[in-house]
Amino acid sequence: MAISSWLKRETFLIAAFGVAVIAYLGEHAVLNMGQAASLSAAAALVATIILVSMRVAHHAEILAMKVGDPYGTMILTLSAVSVEVIMLAILIGGESSPTLVRDTIYSAVMLDINGILGLAALLGGLKHGEQPYNDDSSKTYGVMIFTAMGISMIVPEFIPDAKWHYYSAFTIVAMIALYALFLRMQVGKHSYFFSYSYPRAEKKHRAKEDHHGEESTTASIATILIGVILIGGLAEFMSAFMDTGLRNSGAPPAIAAIVVAAISAAPEILTALRAALRNRMQATINIAMGASLSTVILTVPVMEAIALYTGQPFIMAMSPVQTVMIMITLIAAAINLNDGETNAIEGMTHFILFATFIMLTGLGL
């Protein structure tokens, strides 16, 4: 009975499994049909992966509601990053660009801070005016993101090629040390940094959501694991179709990176927007800034470990344009997220930065 009810709820996962079987059986035929067919197949797989990732995020959100903040948002961000890491690990095995990892992390930060947080603060500000949150969280996230990106994506520009593996090993240790301390703060004595007390009406509203999303913890965990494995299989075929479809097409080099970042961020967008429109900006801050930090601090050591294992380094140093955009973004975030309240103007500044990122990417920069 339990299995039949699970099958009814998870029709998207079942359909995605069917898509994976079709992709497996028809991969060579589609590749032989040329670029147009390959791009169409890649687009269909991207849509399927987004649907699966949204189911993964749904069950992560159910677990998050049961444990509460800050554990809840940590589960949400870790589920998104796991999807991103798996897709990157698969894509770098193909004919991917040596800057794919760097471009994906950069794109993810632009999407999370400028896209998700910017749009959420803009819409939430237009609806509610100034929206309060705990500014300890934004300050902590900001300095951690700045430090992690500086170590892993700015300093590498000055590391000699012959000594990359030494610095790569150091980066792994540094990221793990940073995240270990951050986790201890987030779930330990400084957990209040990442929470905010909302009025009773908000708590009642959330209690209704908890009741509406009642599912067993075991079923949610199992569904998350199945979804992540399914995403890995779909990403394998998507990589092959995308490589063929984009070859000699003149598309921006970072298009694959944006696809990976967008897939992992898609479920977070809906969750963050819902929270902002309900005047729960703390959840939005935790999701957007937490996802950015997790992307840098967890993706970098995994990818660097793969580089050390294979003996093939990635280009991790950001381009001058990327460095400038990151600096502007983090400075704007430090100013905007310094007083414990967001508003529509602050949201608009970040959303314009996101539009600038899209424009620069379209120009191939």
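Placement of Ile231 and Phe12 in two distinct hydrophobic clusters is found when ILVMFWY residues are connected by side-chain heavy-atom separations under 4.5 Å, directly or transitively. When the side chains of ILVMFWY residues are joined at heavy-atom separations under 4.5 Å, either directly or via intervening members, Val155 and Ile326 end up in a single hydrophobic cluster. In the hydrophobic clustering of this structure, Ile159 groups with Phe170; members are Ile, Leu, Val, Met, Phe, Trp, Tyr whose side-chain heavy atoms approach within less than 4.5 Å, directly or through other members. Met359 is connected to Val259 through a chain of hydrophobic side-chain contacts under 4.5 Å among Ile, Leu, Val, Met, Phe, Trp and Tyr, so both are in one cluster.
A pairwise comparison of heavy atoms in Val143 and Thr147 identifies O-OG1, 2.8 Å as the closest pair. Residues Gln282 and Asn134 approach most closely at OE1-N, 2.6 Å, considering heavy atoms. Of all heavy-atom pairs spanning Leu111 and Ala262, the tightest one is CD1-N, 3.7 Å. Nearest approach of Thr48 to Ala16, heavy atoms of both residues: CG2-CB, 3.6 Å. Closest non-hydrogen pair, Pro301 versus Ile172, comes out as O-CG1, 3.8 Å. The minimum heavy-atom distance linking Leu88 with Met303 is given by the pair CB-SD, 4.0 Å.
For the pair Phe241 and Val30, the minimum side-chain heavy-atom distance is below 4.5 Å. Residues Tyr179 and Met144 fail the side-chain proximity criterion, which asks for heavy atoms closer than 4.5 Å. With a 4.5 Å cut-off on side-chain heavy atoms, Ile154 and Met327 count as touching. Counting heavy atoms from C-beta on, the side chains of Asp339 and Tyr133 come closer than 4.5 Å. Ile113 has its side chain within reach of Leu330: a pair of non-hydrogen atoms, C-beta onward, lies under 4.5 Å apart. Within the 4.5 Å cutoff, the side chain of Leu298 has no heavy atoms near those of the Val302 side chain. Looking at Met316 and Glu157, their side chains never come closer than 4.5 Å, going by heavy atoms from C-beta outward. In this structure, Ile285 and Met281 have side chains that are in contact, with non-hydrogen atoms separated by less than 4.5 Å.
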- [ ] Dump the intermediate steps for side-chain contact (heavy atoms from CB on, under 4.5 Å) on Ile331 and Ile335, then the final yes or no.
- [x] CA-CA 6 Å; Ile331 291 172; Ile335 296 171; 4.1 Å; yes

Open item on the list: For a side-chain contact (heavy atoms from CB on, under 4.5 Å) check, start with the C-alpha distance between Leu117 and Leu337, then their side-chain angles and the critical distance, and finish with the verdict.
Closed with: CA-CA 11 Å; Leu117 181 57; Leu337 303 178; 3.8 Å; yes

- [ ] Check the pair Thr171 / Glu304 against side-chain hydrogen bond (donor to acceptor under 3.5 Å, both in side chains), numbers first and verdict last.
- [x] CA-CA 8 Å; Thr171 302; Glu304 291 286 10; 4.8 Å; no

TODO: Give the C-alpha distance, both sets of side-chain angles, the deciding distance and a yes or no for side-chain contact (heavy atoms from CB on, under 4.5 Å) between Phe146 and Tyr141.
DONE: CA-CA 9 Å; Phe146 183 77; Tyr141 281 128; over 6 Å; no

TODO: Please report the C-alpha distance between Thr99 and Asp103 in whole Å, then the side-chain angles of each, then the deciding distance to 0.1 Å, and finally whether the side-chain hydrogen bond (donor to acceptor under 3.5 Å, both in side chains) criterion is met.
DONE: CA-CA 6 Å; Thr99 64; Asp103 293 342; 2.9 Å; yes

TODO: Mind running side-chain hydrogen bond (donor to acceptor under 3.5 Å, both in side chains) on Thr342 and Asn336 for me, showing each step along the way?
DONE: CA-CA 7 Å; Thr342 61; Asn336 288 336; over 6 Å; no

Task: Full working for side-chain contact (heavy atoms from CB on, under 4.5 Å) between Arg280 and Gln131 - done: CA-CA 8 Å; Arg280 292 177 54 244; Gln131 297 184 277; over 6 Å; no

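Rounded to the nearest 0.5 angstrom, Ile105 CD1 and Met149 CE are separated by 7.0 Å.
Shown here is Met348, whose CE atom has no more than 12 heavy atoms of other residues, nucleotides or ligands within 6.0 Å. Ile345 CD1: 12 or fewer foreign heavy atoms inside a 6.0 Å radius.
By the ring pair (Phe, Tyr, Trp, His ring centres under 6.0 Å) test, Tyr24 pairs with no residue at all, sequence neighbours left out.
A distance below 6.0 Å separates the ring centres of Phe182 and Phe194.
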